[in-house]
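What follows is a single structure, written as C-alpha cells, with notes after it.
Treat the numbers as computed from the prediction; the structure is a model and nothing was measured. Numbering starts at 1 and runs along the sequence shown. Values below: all heavy atoms of this structure, side chains included; hydrogens, waters and symmetry mates excluded.
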Amino acid sequence: MRPGIHPDYHPIVFRDKSADFAFLTRSTMTSDQTIEWEDGNIYPVVDVDVSCASHPFWTGRGRILDTAGRVEKFERRYGRTRKEKRELP
C-alpha cells in the first residue's frame with residue numbers, strides 16, 4: 001500500500017439513541033462529538049437512525065405483508081384483465 005493515500009481508519013462508536021444501543025468498531029468516519037466508552041477511553045461518536053437493536057426485521061416487531069392478492073392489486077391498478085392474460089402467448 002502506498003503511504004498517504006488512504007483515509008485514517010480509527011475506533012469510533014455508533015449509537016442508536018432510540019434503542020439505547022451503541023457499539024464500538026473501526027471506521028473512516030469522523031465526528032466532533034465524543035463519548036466515554038466502557039473501557040474508559042474517549043472515542044468519537046456517530047448517531048444513527050436504525051441499528052440491529054431498532055430495525056423491525058431484527059427485533060421481530062415487523063409487519064406481516066399480505067402476499068396473496070398483490071398480483072390482483074397490481075392488475076386492478078394498471079387495468080390488465082383476465083381475458084387479456086389468456087390471449088398472451
Under 3.5 Å, sequence neighbours excluded: what are the donor-acceptor pairs made by side chains of residues 19-28?
from  : atom 1 : to    : atom 2 : distance (Å)
Arg26 : NH2    : Tyr9  : O      : 2.9
Ser27 : OG     : Met29 : N      : 3.1

request  = With side chain to side chain contact (heavy atoms under 4.5 Å, CB included) as the test, would you mind laying out the steps for Phe14 and Ile12 before giving the verdict?
outcome  = CA-CA 7 Å; Phe14 287 96; Ile12 190 166; 3.6 Å; yes
remark   = Distance col, row Asp16:CG vs Asp47:CG, nearest 0.5 angstrom, shows 8.5 Å
key: Heavy-atom pair with the smallest gap, counting every atom of Ser31 and Pro44   = O-CB, 4.1 Å
